[in-house]
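To keep things clear, I will list the structure first and then write my remarks on it.
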Amino acid sequence: MSGFLAVVRRDLRLALRQGSDSMMVVTFFVLTVVLFPFGIGPEPGILERVAAGVLWVTALLASMLSLDRLFQTDYEDGSLDLITRSPQPLSVLVLGKVAAHWLTTGLPLLAAAPLLAVLLNMNADGFGVLVVAFALGTPTLSLIGAVGAALVLGARRGGVLLSLLVLPLYIPVLVFGVSAVDAAIMDLPFKAQLLILGGFLLGAAALCPWATAAALRQAVE
Amino acid sequence: MHRFANPNRFLKLANAILPWAAGLTVILTLAGLYYALVASPEDYQQGATVRIMYVHVPAAWMALFVYTAIAVASAVALIWKHPVSDLFAKASAPVGAAFTFIALVTGALWGKPMWGTWWVWDARLTSMLILFFLYLGHMALMNAFDDPQRGYKAAAVLALVGVVNVPIIKFSVDWWNTLHQPASVARMDGPAIDPAMLTPLFLMAFAFKAYYITVALLRMRGEIAEAKVRAISMSQVHG
């Protein structure tokens, strides 16, 4: 536990001092969402219909954008060697890094999502579910993304490769995230979708740190 | 299994199997094509287009089979550090991707006359498309490193992550599809398949399997030869 907290504290401090990363992610999220009315037209009806999908897809891309930095800097300056050789279990330290990543990128997305939903003319019934679905979904994205980020360490064209690896694995979160919000807007029951999103989060939290640790070990070998 | 961790011993086995597998591929393909194109009846609804099935269905089966085989080989490679199963995974991935691609293309060609459109976001089609992307990611990761060993290990971890995800993706696509698309598309599962159609289907399925074994062995032989060449040229450089 102490190792987990130490990693979270270190990564948060680094993020706060460098500052720009999480701002960039939110800016990307906002800008891309703002592009959609230009692309598909400003009619409120159409925007309302696609709002949930646009927000989720853009959040997926935004959270992927910051992934290649997750282990890259540690890999380059050698702290990853120390982390993998620490007596603490590596999967717990990985979980710490993922938690810090979510706090600096997922949480700002969560805060920005309802505001953008207003811009996209989403029905107010969906706001609460949107926030809950984002709160359950974005940590899963960070966890799955961490596996990809660890796998591409040291690869040529790592950034492009990362999107190819990670995006297909994001599809289940996207499906249930959008469907929960759509169901809430249409006054249908949405509990099942949220429970499944929670299940994905638990499953990813159990399995992904382990796979990430395996990938990191072979990266620093 | 560990007996064949030695590439030379494996090569002996591969060379012994190859002619048989290649011969079997040719015989089964010829027999399967004869039954599929000539000796099998036309479907009472679909006419001659039903013959696409004899390529489409075996290709789709092989797409899943090869991914499973890669996952098993990856687990073996990671657990026992078995060098030949790394090569097997590397040799299999493009073959599996090709089978997936064939299943997608023949599906589109079949969909045009039957459904009136090249592509529908049907659950099966969509999950096949995602499987194709998983294959592409696996191949790209395998070749992304200067050190081939890194590529093998990274791709092996990815294949295992992928195989856990395939059922989840399949299930979410089914769910998504039933929400977005009520059964508006003509389903393929009409009447039960006639035995006269099962014969060519199974013949083609086994022909595809024999083809896969042949190509995988050929590609593995090539990989081993390449590793030897690399080792020799390295020893010359370091003199």
Side-chain angles (χ1 to χ4, degrees), chain A residues 53 56 140 143-180 182-183 186 188 190 192-193 196-197 199-200 203-204 206-221, chain B residues 67 71 74-75 77-79 81 86 93 97 100 121 123 126-181:
Chain A
W56 265 105
T140 317
L143 282 162
I144 297 174
V147 183
L151 283 174
V152 301
L153 280 180
R156 296 185 291 265
R157 301 179 305 276
V160 190
L161 187 57
L162 186 60
S163 58
L164 184 59
L165 302 187
V166 162
L167 285 180
L169 305 180
Y170 278 178
I171 290 172
V173 177
L174 177 64
V175 168
F176 289 98
V178 174
S179 128
D182 276 346
M186 288 188 273
L188 297 169
F190 50 80
Q193 285 93 322
I196 290 174
L197 277 178
F200 284 158
L207 294 176
C208 287
W210 186 63
T212 313
L216 285 179
R217 281 218 181 80
Q218 54 92 17
V220 297
E221 231 169 43
Chain B
Y67 201 85
S74 302
L78 283 179
I79 295 169
K81 299 196 189 298
D86 277 332
T100 318
W121 289 95
T126 312
S127 35
M128 229 31 192
L129 185 66
I130 298 168
L131 182 67
F132 183 61
F133 287 128
L134 289 179
Y135 270 119
L136 288 188
H138 184 264
M139 282 153 62
L141 187 64
M142 180 79 88
N143 295 315
F145 297 94
D146 292 325
D147 173 15
Q149 289 300 327
R150 281 275 341 254
Y152 294 150
K153 282 195 190 128
V157 174
L158 181 71
L160 290 179
V161 172
V163 92
V164 173
N165 262 283
V166 163
I168 299 177
I169 293 176
K170 176 79 180 108
F171 143 80
S172 359
V173 169
D174 280 345
W175 170 297
W176 162 79
N177 188 256
T178 45
L179 277 185
H180 285 243
Q181 280 207 336

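Labels below follow one simple rule: chain letters A, B, ... track the order of the sequence lines, proteins then strands, and each chain is numbered from 1.
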In terms of heavy-atom proximity below 4.5 Å to chain A, should B:V166 be classed as side chain, backbone, both, or neither? neither
Closest heavy-atom pair and its distance - A:L161, B:A140: CD1-CB, 3.4 Å
A:A183 versus chain B, the contacting section by heavy-atom distance below 4.5 Å: neither
Measuring heavy-atom distances to chain B, does A:L207 have an atom under 4.5 Å in its side chain, in its backbone, in both, or in neither? side chain
With a 4.5 angstrom heavy-atom cut-off, which part of A:I196 approaches chain B: side chain, backbone, both or neither? side chain
Which answer fits B:D146, side chain, backbone, both or neither, if we ask what part of it has an atom under 4.5 Å from a heavy atom of chain A? both
Chain A contacts, top residue of B:A154, B:G151, B:G137, B:A155 (heavy-atom pairs, under 4.5 Å): B:A154
Work out which heavy atom in B:F145 is nearest to a heavy atom in A:L153; give both atom names and the distance. CE2-O, 3.2 Å
Which region of A:I171, side chain (C-beta onward) or backbone (N, CA, C, O), has a non-hydrogen atom less than 4.5 Å from a non-hydrogen atom of chain B, or is it both or neither? side chain
Which heavy atom in B:V161 sits nearest to a heavy atom in A:A211, and how many Å separate them? CG2-CB, 4.0 Å
B:V173 versus A:V175: any side-chain heavy-atom pair under 4.5 Å? no
Relative to chain B, which of A:P168, A:A214, A:G203 shows the most heavy atom pairs under 4.5 Å? A:P168
How far apart are the closest heavy atoms of A:L151 and B:L141, and which atoms are they? O-CD1, 3.9 Å
What are the two closest non-hydrogen atoms of B:S172 and A:F176, and how far apart are they? CB-CE1, 3.4 Å
How many angstroms lie between CG in B:L134 and CG in A:L167, if you round to the nearest 0.5 Å? 11.0 Å
